[in-house]
Amino acid sequence: MIQITFPDGRKREYPEGTTGMEIARSISQNLAKEVYSISVNGEVWDLTRPISRDASVKLHKWEDEEGRHAFWHSSAHLMAEALEKIYPGIKFGIGPAIENGFYYDVDPGEGRSISDADLPAVEKTMMELAAKNEIYTRKPVSKPEALAYFTGKGDPYKLELIRDLQDGEITLYNQGDFVDLCRGPHLPDTSSIKAIKLLSVAGAYWRGNEKNKQLTRIYGITFPKQKQLDEYLEMLEQAKQRDHRKLGRELELFTFSAKVGQGLPLWLPRGAMLREKLEFFLRKVQMAHGYQQVITPHIGQKELYVTSGHYEKYGKDSFQPIKTPIEGEEFLLKPMNCPHHCEIYSSKPRSYKDLPLRLAEFGTVYRYEQSGELHGLTRVRGFTQDDAHIFCRPDQLKEEFLKVIDIIFIIFKALDFNDYIAQVSLRDPNDKAKYIGSDENWEKAESAIIEAAKEKGLKTVVELGEAAFYGPKLDFMVKDALGRKWQLGTIQVDYNLPERFGLEYIGSDDQRHRPVMIHRAPFGSMERFVAVLLEHTAGKFPLWLAPEQFVIMTISDKFNDYAEKVLKLLNNSDIRGFFDNRNEKIGKKIRDNELRRIPYLLVIGEKEMESQTISLRKQGEGDKGAMPVEEFARFVQEEVKRQLQILD
RNA sequence: GCCGAUGUAGCUCAGUUGGUCAGAGCGGCUGAUUUGUAAUCAGCAGGUCGUGGGUUCGAUUCCCUCCAUCGGCUCCA
């Protein structure tokens, strides 16, 4: 007998070789139907794998990531089985479970391709196979056996994967006629896979390397119940409604023009107002934190970027230099503000007493992003960074870094961004050639970031190879409506540019010293920030940010004069809004302005004119009753003040 | 840049197996209506069916190029 310990600490005896499924059944038959995998001493196993020693276990249902993972991973195998039936000779790459569903990378073979239109047939075959209740069987094999099998099958990608594996840790799984190299775990059989949707087809480079062959990646998702699939698809539809590209058009915030050029956003009046308010907000925060605004040009001599290293790193695949007509001097559209700010630093001798020097600029930069990369406002070719560079003494670095984190917290709090990921982006230790600067400087910079994040109690994830070429970063990532992660705020420690630009200050010892630089942008870029904000709020901005805070609507045009008077009064009270003077019924005007996400709708008719009031409607909440005009003005001012309290 | 898909009026979308096939709703304009809390009615104007080429007696429809967009991959200072 072996002793099994459950998560709640209870222990129970089972015969040696018992399986997860048997343990589940011993608790209840219903449970047995709902579990998909089991953790044995922290390792996730198949439910059918015999347990031969005392162990701590946890059974995983759909609600657990481990349960869904096994479900989707098994679904990927099921899809592969179906693909092999429909496309004999198809080659397989990798087919993992992902956050929402699974994918499999396949090579359909010369002259064959798979497109969206082919997916329903694959789905159908998967359904048929699933209904056969095929059993997933695990089989440990030796490396030579594994190599022999896939050589026989002629699957070069699997062979490549096997070569990187250690003998003794290789397992094959099969269900029906399909055999795959796989670590597992898997479902006991295919019977629980009841609802299948293959979502999309995409190209994906083998092993994520651009130089390798591009395989066809098929994304799909499966569920134990049809209802869950319906709900998931409904959720995707809902997310589409919050897409910032759709909302940007509907709310008339921004647009694009193929004539102007792809990836170059045009901000419409309402969008410009929104940006102005965001900038105003950050300016105030920064002023309180000792920043000084500067302004620099949109271009700079090519030499400037040769000095900074940007030219060597990005010059060839970037917008190419523009030239003066007579002298032929070369200038670059600025891809970064830091070199300009470095030159401001060195415009006069600096003393240790001047530091830290915090130079801020809403700097518009231009970068050549690959055409396939452009995406609404989140990935563009021209954008404005809420940039600043802090030049400080090494002994001030940590404190300055912590203060920047505070600013990011202030912003995220004011805009209700609670769901972010703090990512420590370090350099790839195996590819140091990608970066400039000495190991010593990198180590100093990386440990400064890690320490600061720790001190702030930030829960961080560490990503190797995600650093900027001149220094490591602390990035704040936020998800969009469809769960795609975007980097917003960023803080970067940089010992390298000060060196390249020969920046110095005179210390208290009367000697020359080198300052350290912090690059930081709490919003990241105005464009991307607005995009993510739009998707988070579905266009319902907080009152202080709303491009239009109120709209006046009259019951009939008999009250237009009074409405004009109210409009003037409110505008004079520094409240933004307009008079919807269309000759429409009140219901129509309410509907239209609700859809435009105007926070306050003011209805004016006979009663209101007589009593010098307005009838107030709050967006999404309906009628709030009558209110004197002055009171409404105060009410709005106070709400804005309350929302911006964080600035005080 | 790569793989796959899409592109019909300002927006959302119908339509043509190549031949009265250029349509609807919303939006816009004009008029009527003077309205009480999520769509008043009527009329009118809008499109060289993304662009350029080709096949054909004939192309919005078939083929190619380019442009833009969408889903991914790679990249992201």
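Nothing here was measured: the structure is a model prediction, and the numbers come from that model. Chain letters run A, B, ... following the sequence lines, proteins first and then strands; every chain starts at 1.
Side chain to side chain, A:Lys473 and A:Gln423 fail the donor-acceptor criterion of an N or O pair below 3.5 Å. Remark: the A:Ser615 side chain and the A:Glu608 side chain contain an N/O donor-acceptor pair separated by less than 3.5 Å. Between the side chains of A:Gln241 and A:Glu237, not a single donor N or O lies within less than 3.5 Å of an accepting N or O. Remark: the A:Tyr311 side chain and the A:Glu303 side chain contain no N/O donor-acceptor pair separated by less than 3.5 Å.
In this structure, B:rG46 shows a glycosidic angle within 90 degrees of zero, which is the syn conformation.
In this structure, of B:rA77, B:rA38, B:rU37, it is B:rA77 that holds the atom nearest to the side chain of A:His310. Nearest nucleotide to the side chain of A:Lys607, out of B:rA68, B:rG36, B:rG1: B:rG36. Taking every side-chain heavy atom of A:Ser113 into account, B:rG4 is the closest of B:rA38, B:rG27, B:rG4. Set against B:rG71, B:rU37, B:rC76, the side chain of A:Val603 has B:rU37 as its closest nucleotide. Checking B:rG36, B:rG1, B:rA39 against the side-chain heavy atoms of A:Glu608 singles out B:rG36 as nearest. Side-chain atoms of A:Arg617 lie closest to B:rA38 of the nucleotides B:rU34, B:rA38, B:rG4. When distances run from any side-chain atom of A:Phe469 to the nucleotides B:rU37, B:rA77, B:rC26, the shortest one goes to B:rA77. When distances are taken from the side chain of A:Asp116 to each of B:rA38, B:rA5, B:rU40, the shortest belongs to B:rA5.
Nucleic acid contact for A:Gly208: sugar-phosphate only, since backbone atoms but no base atoms lie under 4.0 Å from a heavy atom of the residue. A:Ala204 comes within 4.0 angstrom of sugar-phosphate atoms only, judged by non-hydrogen atoms across all strands, and of no base. Across all strands, A:Ile555 comes closer than 4.0 Å to base atoms (heavy-atom distances). Residue A:Lys259 is classed as having no contact, given no heavy-atom separation below 4.0 Å to the nucleic acid. Note on A:Gln487: nothing from the nucleic acid sits closer than 4.0 angstrom, heavy atoms only. Among the atoms of the strands shown, only primed sugar atoms or phosphate atoms (P, OP1, OP2) are found under 4.0 Å from some heavy atom of A:Lys558. No contact: A:Ser308 has no heavy atom under 4.0 Å from any strand. A:Tyr219 comes within 4.0 angstrom of the backbone, heavy atoms only, and of no base. Using a 4.0 Å heavy-atom cutoff across all strands shown, A:Glu250 reaches no nucleic acid atom at all. When heavy atoms are screened at a 4.0 angstrom cut-off, A:Gly587 is found touching the sugar-phosphate backbone but no base atom. Using a 4.0 Å heavy-atom distance criterion, A:Ser115 is classed as a sugar-phosphate-only contact.
Atom pair A:Tyr311:OH and B:rA77:P shows a separation of 19 Å (rounding to whole Å applied). Rounded to a whole Å, the CD1 atom of A:Ile598 is 17 Å from the P atom of B:rA38. The separation between A:His375 atom NE2 and B:rG71 atom P is 5 Å, rounded to whole Å. Residue A:Asp243 contributes atom CG, which lies 12 Å from atom P of B:rU12 at whole-angstrom precision. When rounded to the nearest whole Å, the span between CZ of A:Phe256 and C1' of B:rU69 equals 11 Å. Atom P of nucleotide B:rC76 and atom CZ of A:Arg367 are separated by 11 Å, given to the nearest angstrom. Across the protein-nucleic acid pair, A:Arg596 atom CZ and B:rC26 atom P stand 18 Å apart, rounded to whole Å. When the P atom of B:rC26 is taken as reference, atom CD of A:Glu584 falls 11 Å away, rounded to whole Å.
Comparing the C1' positions of B:rC57 and B:rA42 gives an interatomic distance of 45 Å, to the nearest angstrom. Distance check on atom P: B:rG18 versus B:rG58 gives 16 Å, rounded to whole Å. Nucleotides B:rG23 and B:rA45 have their P atoms positioned 12 Å apart, rounded to a whole Å. When the C1' atom is used for both B:rU51 and B:rU65, the distance is 10 Å, rounded to whole Å. Going from the P atom of B:rU12 to that of B:rU17 covers 26 Å, rounded to whole Å. Comparing B:rA24 with B:rG31, their C1' atoms sit 23 Å apart, to the nearest whole Å. On the C1' atoms, B:rC67 is 28 Å away from B:rG28, given to the nearest whole Å. For the C1' atom pair drawn from B:rC49 and B:rC13, the interatomic distance equals 13 Å after rounding to whole Å.
At B:rA68, one or more side-chain N or O atoms of A:Gln262 fall inside 4.0 Å of OP1 or OP2 (strictly under the cut-off). In terms of phosphate contacts, A:Arg484 brings a side-chain nitrogen or oxygen within less than 4.0 Å of OP1 or OP2 of B:rG72. Dashed line: the shortest gap from a side-chain N or O of A:Arg245 to OP1 or OP2 of B:rC70 is under 4.0 Å. Proximity of A:Lys589 to the phosphate of B:rA39: no side-chain N or O atom is located under 4.0 Å from OP1 or OP2. Contact check, A:Arg249 against B:rU12: a side-chain N or O comes under 4.0 Å of OP1 or OP2.
Taking for each of A:Arg379 and A:Lys246 the nucleotide of RNA chain B with the nearest heavy atom, the 5'-most of the two is the partner of A:Lys246. Each of A:Phe559 and A:Gly372 lies near RNA chain B, and the nucleotide nearest A:Gly372 is the one positioned closer to the 5' end.
Here the rule is side chain to side chain donor-acceptor pair (under 3.5 Å) with A:Thr296, and of A:His340, A:Lys334, A:Glu343, A:His341 only A:Lys334 fits it. The one candidate from A:Lys158, A:Arg112, A:Lys213 that meets the salt bridge (charged side-chain N to carboxylate O under 4.0 Å, His left out) condition with A:Asp107 is A:Lys213. Exactly one residue among A:Tyr495, A:Phe469, A:Tyr470, A:Trp442 makes a ring-ring contact (aromatic ring centres under 6.0 Å, His included) with A:Tyr435. That residue is A:Trp442.
Using a 4.0 Å cut-off between charged side-chain N and carboxylate O, A:Glu584 and A:Lys589 make no salt bridge.
We find that the ring of A:Tyr314 and the base of B:rA77 stack, their centres lying under 5.5 angstrom apart and their planes tilted less than 30°.
The base of B:rC2 sits with one of its N or O atoms less than 3.5 Å from a complementary donor or acceptor on the side chain of A:Gln214. For A:Tyr205 against B:rG1, a side-chain N or O and a base N or O form a donor-acceptor pair under 3.5 Å.
With a cut-off of 3.5 Å on both pairing distances, B:rA45 has no Watson-Crick or G-U wobble partner at all. The nucleotide B:rA38 finds no pairing partner, because no Watson-Crick or G-U wobble arrangement with both distances shorter than 3.5 Å includes it. The partner of B:rG4 is B:rC70, judged by Watson-Crick or G-U wobble contacts that both fall below 3.5 Å. Across all strands shown, B:rA24 pairs with B:rU12; the Watson-Crick or G-U wobble distances both stay below 3.5 Å.
Between A:His519 and A:His389, the two ring planes are perpendicular [angle over 60°; tilted spans 30° to 60°].
The local environment of NZ in A:Lys211 is sparse, with at most 12 non-hydrogen atoms from other residues, nucleotides or ligands closer than 6.0 Å.
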